[in-house]
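The block underneath contains the structure these notes are about, expressed in structure tokens.
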Amino acid sequence: MSIPFIDLKTQYARIAGKVDQNLRAVLESGAFINGPDVSRLEKRLAEYCGTRHAVGCASGTDALMMALMALGVGPGDAVFCPPFTFMATAEVVALLGATPVFVDIDPVTYNMDPERLQEAVRAVEADDPAIHPLPAHTARLTPKAVIPVDLFGLLADYSALLSVAAAHGLLVVEDAAQAFGATVEMDGATRRACSFGQIACTSFFPAKPLGCYGDGGACFTDDDELLTLLQSVRVHGQGADKYQNVRLGITGRLDTMQAAVLLAKLDIFDEEVALRQQVAKRYAELLGGIDGLTLPTVPAGRVSVFAQYSIQASSAAHRSDLMDHLGREGVPTSIYYPVPLHLQPAYANLGYAPGSMPVSEAVAARIFSIPMHPYLTAEAQEHIAEVLAS
Ligand SMILES: Cc1ncc(COP(=O)(O)O)c(C=O)c1O
């Protein structure tokens, strides 16, 4: 039995008619840049997430970059990020000359730990690494923003994180690259991913819960001024006129072809989120009794979109045995993430020592992901469970 890690072919077979029709319409119109499908998609994305505005862009990384540029993040600013995430979360901070300050994760949800955030902000405010590990810096840093990540499709603990941010005047940029479609019950209402912070960001990389057929992403905001700034930054800081440049920006536009694909995929997205719940429930039933495995936990009131189904083995050696065994039985696996960002060579200049983010380091040594997508069959899941149990 050969099982795909993510099954985009079965999905395409379902929506081929609509995707092909949408793409043909773009080809025939010749409106490849900012065609009508881009604004159509932006309207639907904002409605879906419950925000006033959505701004399509070229990738999740560009979405984060544009968000920080619109918020004026730059040299001297401390931006708090989890170390257990994809490279891009902290990369955009460093590219803008600001300083990533890493904040360890909660061992159960793998998302930023609000108590550690509180300590990290106090440490920056007091310029005292005895309170919380700080990156190497020459001049004093100003606490400016926090980028909570909704890892593996599960929303971070926004009620706690937003109150720490409010208490310290931090801007909030939600990194929902993995969590489009996730929800949480909060203050008596259902809140969706991409609706938290001054600006939220997502990615439409093909493997994401809502993915296109190339690179794509979006920013979300309720603020009209930030909307104007995001739209300007997206096209080289353009002003009222196309060739008036009032600030620095990037080439951050979302391709019209990708918008056309996403419009077709949005039609079946809710159904796919429901299918992901079924797949996750079946995994919980099949794997729950296996010794030495820690399955994902979804706290009450939250719905994860399971961008990954990540489990922890009991040790690094146990993980490598399980992954080898699964591989031999035709089950692909992957490790998200083997090295936390504070220990990546790219951030060596920040001077973080091994042991400084103990939870991220322990999780990185034991975690691995098994196939997860809406079209995973019960038969395939039973096979995966049998291999893991043996
Ligand atoms: C948490 C997180 N942030 C940002 C990104 C960047 O998105 P993209 O690959 O679309 O640039 C990703 C993508 O993998 C991600 O997982």
Side-chain angles (χ1 to χ4, degrees), residues 5-6 8 41 45 54-69 73 79-96 100 102-103 105-106 109-112 145-156 158 161 172-182 193-194 196-197 199-220 233-234 250-255 257-259 261-262 265 304-310 334-342 344 346-347 360 363-364 367 369 372-373:
F5 195 66
I6 285 173
L8 294 176
L41 177 72
L45 290 174
V55 179
C57 60
S59 67
T61 306
D62 278 0
L64 289 166
M65 183 73 140
M66 284 164 44
L68 296 188
M69 289 172 87
V73 169
V79 180
F80 302 89
C81 311
F84 192 61
T85 177
F86 181 65
M87 175 66 174
T89 310
E91 189 178 26
V92 292
V93 175
L95 282 171
L96 289 171
F102 291 115
V103 176
I105 55 166
D106 175 272
T109 63
Y110 310 134
N111 285 329
M112 185 184 276
V146 54
I147 311 183
V149 176
D150 307 326
L151 204 75
F152 302 146
L154 177 70
L155 282 165
Y158 285 99
L161 291 168
V172 178
V173 173
E174 177 191 2
D175 182 346
Q178 303 184 7
F180 187 86
C194 301
F196 293 97
I199 302 178
C201 301
T202 199
S203 163
F204 302 126
F205 186 79
K208 300 298 187 212
L210 178 66
C212 56
Y213 291 152
D215 279 304
C219 292
F220 298 79
V233 164
R234 177 169 65 173
I250 60 174
T251 319
R253 289 174 297 250
L254 175 67
D255 202 282
M257 297 275 233
Q258 301 306 338
V261 170
L262 288 164
K265 289 211 190 183
S304 171
V305 286
F306 288 101
Q308 305 296 344
Y309 195 89
S310 303
S334 199
I335 300 179
Y336 304 100
Y337 294 92
V339 181
L341 296 188
H342 68 291
Q344 287 284 3
Y347 296 110
S360 295
V363 172
I367 203 155
S369 304
M372 167 46 96
H373 57 81

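Along the sequence shown, residues are numbered consecutively beginning with 1. Indexing begins at 1, ligand by ligand and atom by atom, following the structure's order.
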Which of the listed options, Cys81, Ser203, Pro82, holds the heavy atom that is closest to atom 10 (O) of ligand 1? Ser203
Given side chains that start at C-beta, do those of Ile250 and Met69 come closer than 4.5 Å, heavy atoms only? yes
In terms of atom number and element, which parts of ligand 1 are under 4.0 angstrom from non-hydrogen atoms of Ser59? 10 (O), 11 (O)
Should you measure from each heavy atom of Val149, which atoms of ligand 1 turn up under 4.0 Å away? 1 (C)
Just by modelled atom types, is the [Y] backbone N or O under 3.5 Å from a matching donor or acceptor in the [X] side chain?
X      : Y      : value
Ser310 : Ser369 : no
Glu174 : Cys194 : yes
Tyr309 : Phe152 : no

Could you state the interatomic distance from CD (Gln178) to OG1 (Thr202), rounded to the nearest 0.5 Å? 9.0 Å
Among Ile367, Val363, Leu151, find the residue that satisfies the side-chain contact (heavy atoms from CB on, under 4.5 Å) test when tested with Tyr337. Leu151
Does any N/O atom on [X] come nearer than 3.5 Å to any N/O atom on ligand 1?
X      : answer
Phe86  : no
Thr85  : no
Gln178 : yes

Give the residue and atom name of whichever protein heavy atom lies nearest to [atom], and the separation in Å to one decimal.
atom                   : result
atom 6 (C) of ligand 1 : Thr61 OG1, 3.4 Å
atom 3 (N) of ligand 1 : Asp175 OD2, 2.8 Å
atom 8 (P) of ligand 1 : Gly60 N, 3.5 Å
atom 2 (C) of ligand 1 : Ala177 CB, 3.4 Å

Establish, from distance only, whether the side-chain atoms of Tyr158 and Asp150 form a donor-acceptor pair under 3.5 Å. yes
With a 4.0 Å cut-off on heavy atoms, is Lys208 touching ligand 1? yes
Give me the ring orientation class for Phe220 and Phe180: parallel if the planes are under 30° apart, tilted from 30 to 60°, perpendicular past 60°. tilted
